[in-house]
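Read the structure below first, then the notes.
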Protein chains: 2
Amino acid sequence: MAKRATIKDVAEAAGVGVATVSRVLSGGSASPQTRERVLAVAAQLDYRPSALGRNLRQRRTGGMGLLVPDLTDTFHAQLAEGVLACARSAGEPVVIGSTGGDPEQESELIGMLLEQSVDRLIAVPSGDEESWAPAIRAGMTVVFADRLPAAPPVEEDPAVSALNDLLLLDGAAPPPARAKPLDVPSVVADDRGGIRTAVRYLRGLGHRRIAFIGGPGHDRRAAAFREAVGEPLDEELIVFGTGSRDSAYAAASGLFQSRPDLTAVVAGGNVLGEAAVLAARELDLRVPRDVSLIMYDDVPWAELCSPPLTVVAQPGRDMGYRAAELVLRSGGRRQRSVVLPTELIVRGSCGPRR
Amino acid sequence: MAKRATIKDVAEAAGVGVATVSRVLSGGSASPQTRERVLAVAAQLDYRPSALGRNLRQRRTGGMGLLVPDLTDTFHAQLAEGVLACARSAGEPVVIGSTGGDPEQESELIGMLLEQSVDRLIAVPSGDEESWAPAIRAGMTVVFADRLPAAPPVEEDPAVSALNDLLLLDGAAPPPARAKPLDVPSVVADDRGGIRTAVRYLRGLGHRRIAFIGGPGHDRRAAAFREAVGEPLDEELIVFGTGSRDSAYAAASGLFQSRPDLTAVVAGGNVLGEAAVLAARELDLRVPRDVSLIMYDDVPWAELCSPPLTVVAQPGRDMGYRAAELVLRSGGRRQRSVVLPTELIVRGSCGPRR
DNA sequence: CTGAAAGCGCTAACAT
DNA sequence: ATGTTAGCGCTTTCAG
C-alpha cells in the first residue's frame with residue numbers, strides 16, 4: 001500500500017495541531033483562515049482520513065452488513081441493489097454475506113460481522129428468532145427485510161410436559177414459556193394482501209383446487225394462502241422446497257404428479273415459479289390451459305416466458321433501500337417497521353378453469 | 001454495542017501479558033499450559049479479537065472489495081456468489097459495491113474502499129485503464145473478472161498530430177504514446193472460443209447474416225465476433241446497448257427493424273439476450289423460425305423460454321471463486337491470469353436458415 | 001479558537 | 001517462553 005498522508009502530515013504541513021485538522025474535516029469550529037489553509041493543504045496532499053483510525057477510536061465500523069440467502073435469486077439481487085444504492089449515496093460501505101439459506105452459515109457470518117465491529121445489519125433471515133438473539137444481545141442494530149425469522153421451536157420441557165400430562169392440562173395448556181419475541185424493525189411486502197389478491201383472482205377464473213409452492217421463509221405467505229383459501233383446506237396442496245433450485249423442482253414436480261386434479265398454483269417466490277414452469281413443461285402440462293400459474297416476485301424473465309407470467313410484484317429494490325435507510329437512521333431510538341404494497345400484474349399465465 | 005472483552009481483559013484474567021494472549025490466538029509459540037489457560041479464559045469470556053485493532057495496527061483491512069455493474073444481471077450475481085463462497089470459507093469479509101456500469105460511480109466506490117483501507121479488490125470493470133490507474137498506484141491488489149478495462153482513448157496530441165501530418169506519416173503512423181497498459185491479473189472466460197463456436201454453429205445451420213448485440217464491456221466479444229465472421233464484415237450487424245435493460249431493448253429492436261434480412265443473432269450477455277427475445281416477440285419474429293438466437297451466459301431462465309435458449313455458458317461462479325482465490329493468495333508476487341472455458345449448450349433457439 | 005495528550009484494541013519489536 | 005512497550009490514525013476531552 002503506497003503510504004498515504006496521515007492527519008499528522010496535514011497538521012504539520014498546515015502548521016496546526018492534529019485536533020484542528022480533525023475539527024475542520026468533520027465540520028467543527030475553526031477560524032475561516034485556518035479552515036481554508038487546512039483544506040488547501042489536505043487537498044494538496046490528497047489526504048483521505050483513514051476509516052481505520054476513526055473506527056478504532058469510535059469502537060465501531062461505519063456502514064452496514066447485508067445478509068441474503070442467495071444473490072442468484074433475482075429478488076434478493078434487487079433487494080441488495082436497493083441497499084447498495086442507499087449506502088452509496090450515504091458514502092457508507094456494505095459488507096455482504098450470502099448465507100445459502102443455512103442458519104449455521106448465517107450465524108458464522110454474524111460472528112464475522114461482530115468481529116469487524118459492524119453493528120448495523122440488514123438481513124433476509126434464515127435462522128429462527130433464537131438464532132438471532134445473540135446478534136441483538138451483542139448490540140447490533142438489525143433490520144429484517146423481506147421476511148422475519150421463524151418463531152423458535154417450542155421447547156418441550158420434559159418436566160413441564162410431564163406435569164401437564166399429569167394434570168391433564170393438554171387441551172388448555174398455557175402457552176409454553178418461550179423467549180420474548182424479538183423486537184426488530186423490518187421492511188416486508190404485504191404478503192397477506194398479495195396472496196389474497198392472487199387467490200381471489202384465480203377464484204374469479206373459476207379455480208377451486210389451488211396449490212401453493214413455498215420455500216424457506218415463505219411461512220407468512222403460506223399462512224396468508226391458507227387464510228385466503230379458507231375452508232375446506234386441502235393441506236396436500238401446500239408444499240415446500242428447501243431453497244435450492246433442485247428441491248424447488250422436486251416439490252413442484254411432486255405436487256403436479258400427486259395431485260393432477262389441481263388447476264392452479266401460486267409460487268411463493270421466483271425460484272419456485274421457475275421450478276413450476278419447468279416441472280409443468282416436463283410433465284406436458286400447458287400453461288395456462290392445463291394449469292394456471294401465479295408467481296411471487298416480478299423479475300425480468302417473467303415477461304419472457306410463454307405465456308408471460310402473471311405475478312405478484314413486490315418492490316424489491318425499494319425494500320432494500322428502505323431497509324438501509326432504517327438501519328442508518330436508527331439514531332438509537334426504535335424504528336417503525338414498514339410494509340410495502342404488492343401488485344398483481346396480470347400477464348398470460350392464468351386462464352379460466354378448464 | 002454491549003462492551004466486549006478485550007485482549008487486556010483476557011490477559012488479566014489469565015494472569016499473563018497481552019502479547020502472550022495475542023501469540024496464543026494467532027498460533028505463536030507458548031507453553032502448552034499457558035496456551036490452554038489462555039484459551040480457556042478467552043472462551044469463558046467469549047472473547048473475540050477485534051478486527052479494528054488489528055487492522056489499524058497492520059494498516060490494512062482484511063478481506064476484499066467487490067465491484068460489479070449490476071447484481072440483477074444474473075451472471076454478475078453468479079460471479080458474486082463465487083466470490084462470497086471463497087471469502088466465506090476463508091472467514092474474510094467482502095465489501096461490495098454496485099457501479100451501475102458508470103465509471104464515475106466506480107471511481108467513487110474505489111475511493112470509499114481506499115478510505116476503508118481495503119487493499120484487495122475484485123472488479124468487473126466499467127471504467128477504462130486510465131480510470132483504474134489510481135487504484136493500482138494506490139497499491140491495491142486488483143483482479144479483474146469477466147472483462148478487462150478498455151484501453152484509454154487515444155490522446156490526440158496536437159503537436160504530434162501536426163508533425164505526423166507534416167511528415168505524411170499518417171499511413172504508417174507510429175503507435176501513439178499511450179500510458180503503459182495495466183498489468184493486472186484477471187479471470188475471464190474464453191470469449192474468443194465461445195463466440196467462435198457460436199458463430200460456427202450458426203454458420204453450420206446455414207446462416208450468413210448474423211448479428212451481434214453487445215453491452216458495455218463486451219468489446220472483446222465483439223472483436224471475437226468480427227474475427228469469427230471474417231470478411232465481408234457487415235458493421236451494421238454489430239450494435240451496442242449502454243447497459244440498461246431499456247437501452248438493450250432499444251438496440252435489439254432497432255437492429256431487427258433496420259435489418260430484417262438478418263437470420264441469426266448472438267447476444268453478448270444475458271441482459272441483451274433478454275432484450276432480444278422481447279424485441280423479437282414484439283416484432284412478431286419467431287424464434288427460431290424467423291431468427292435464430294444464441295445468448296452469452298447460461299442463466300436459469302434460459303431454459304424457461306420457449307423455445308429454450310441455446311447459450312454460450314461461462315462458469316460465473318467459478319470465475320468469482322477463482323478471482324477471490326487469486327486476490328487472497330496474492331502474497332505480494334505477481335499472479336497469473338486465468339482463462340476459463342466456455343461451453344455451447346444447444347437448446348432450441350437456433351434453427352436452419354429459412 | 002486551538003493545541004497537547006490520552007487512549008481505542010491490537011501486534012511486533014525488544015528485553016528478559 | 002513471556003512480559004513490556006511503542007505505536008497504527010484518529011477523535012475527544014481538557015487546558016490555554
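Order of the sequence lines fixes the chain letters, A, B, ..., with proteins taken first and strands second; residue numbering starts at 1 for each chain. Here the structure is a predicted model, which means the values were calculated and not measured.
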*Please tell me which of the listed nucleotides, D:dC10, C:dT2, C:dA5, lies nearest to the side chain of A:Ser29?*
C:dT2
*For A:Gly17, which contact category applies under a 4.0 Å heavy-atom criterion: base, sugar-phosphate, or nothing?*
sugar-phosphate
*Between A:Thr61 and A:Gln116, does any side-chain donor sit less than 3.5 Å from a side-chain acceptor?*
no
_Any heavy-atom pair between the side chains of B:Tyr321 and B:Ser89 that's under 4.5 Å?_
yes
*Residue mapping more 5' on DNA chain D - nearest nucleotide basis, B:Arg35 or A:Ile7*: B:Arg35
*Using a 4.0 Å heavy-atom cut-off across all strands, classify B:Ser26 as base, sugar-phosphate, or nothing.*
nothing
*Would you say the side chain of B:Arg23 and the base of D:dG3 hold a donor-acceptor pair, judged only by whether the two atoms sit under 3.5 Å apart?*
yes
_Applying a 4.0 Å non-hydrogen cut-off, can you work out what A:Ser22 is touching in the nucleic acid: base, sugar-phosphate, or nothing?_
base
*Rounded to whole angstrom units, what separation is found between the NZ atom of B:Lys8 and the C1' atom of D:dT4?*
13 Å
*5'-most by nearest nucleotide on DNA chain C - A:Val16 or B:Val18*: A:Val16
*Selected nucleotide, minimal atom distance to A:Thr20 side chain, candidates C:dT2, C:dC10, D:dC10*: C:dT2
_Interatomic distance where CZ belongs to B:Arg37 and C1' belongs to D:dT2 [whole Å]_ = 11 Å
*Value in whole Å for how far the P atom of C:dG9 lies from CG of A:Leu114*: 15 Å
*Taking all atoms of both residues into account, what is the closest heavy-atom pair of A:Ala11 and A:Val21, and its distance?*
CA-CG2, 3.7 Å
_Per A:Ser31 side chain, nearest of listed nucleotides C:dT2, C:dC10, D:dC10_ = C:dT2
*Tell me which nucleotide among D:dG3, C:dT11, C:dG3 gets nearest to the side chain of B:Gln58.*
C:dT11
*asked:* Going by side chain to side chain contact (heavy atoms under 4.5 Å, CB included), A:Asp146 matches just one of A:Val187, A:Leu79, A:Ile122. Which one?
replied: A:Leu79
*Output yes when at least one side-chain N/O atom of B:Thr34 is less than 4.0 Å from OP1 or OP2 of D:dT2, else no.*
yes
*Minimum-distance nucleotide (side-chain atoms of B:Ala19 versus D:dT4, D:dC10, D:dT2)*: D:dT4
*Length of the CZ-P vector between B:Arg48 and C:dC10, whole Å*: 12 Å
*So, is A:Arg59 close to the C:dC8 phosphate, meaning a side-chain N or O under 4.0 Å from OP1 or OP2?*
no
*Given atom CG of B:Asn55 and atom C1' of C:dC8, what is their separation to the nearest angstrom?*
13 Å
*Spell out yes or no: do the side chain of B:Arg57 and the base of D:dG9 have one donor N/O and one acceptor N/O closer than 3.5 Å?*
no
*Please check if atom CD in B:Gln58 has more than 12 non-hydrogen atoms from other residues, nucleotides or ligands closer than 6.0 Å.*
yes
*Give one of base, sugar-phosphate or nothing for A:Leu56, where a contact means two heavy atoms less than 4.0 Å apart.*
base
*Taking CG from B:Asp9 and C1' from C:dC10, how many angstroms apart are they, rounded to a whole number?*
13 Å
*asked:* Could you tell me how far apart A:Glu12 (CD) and C:dG3 (P) are, to the nearest whole angstrom?
replied: 13 Å
_Separation of A:Ser117 OG from B:Arg48 CZ (nearest 0.5 Å)_ = 10.5 Å
_Regarding B:Leu52, tell me which of base, sugar-phosphate or nothing describes its non-hydrogen contacts under 4.0 Å with the strands shown._
nothing
*Would you indicate which nucleotide in D:dC10, C:dG3, C:dC10 comes nearest to any side-chain atom of B:Arg54?*
C:dC10
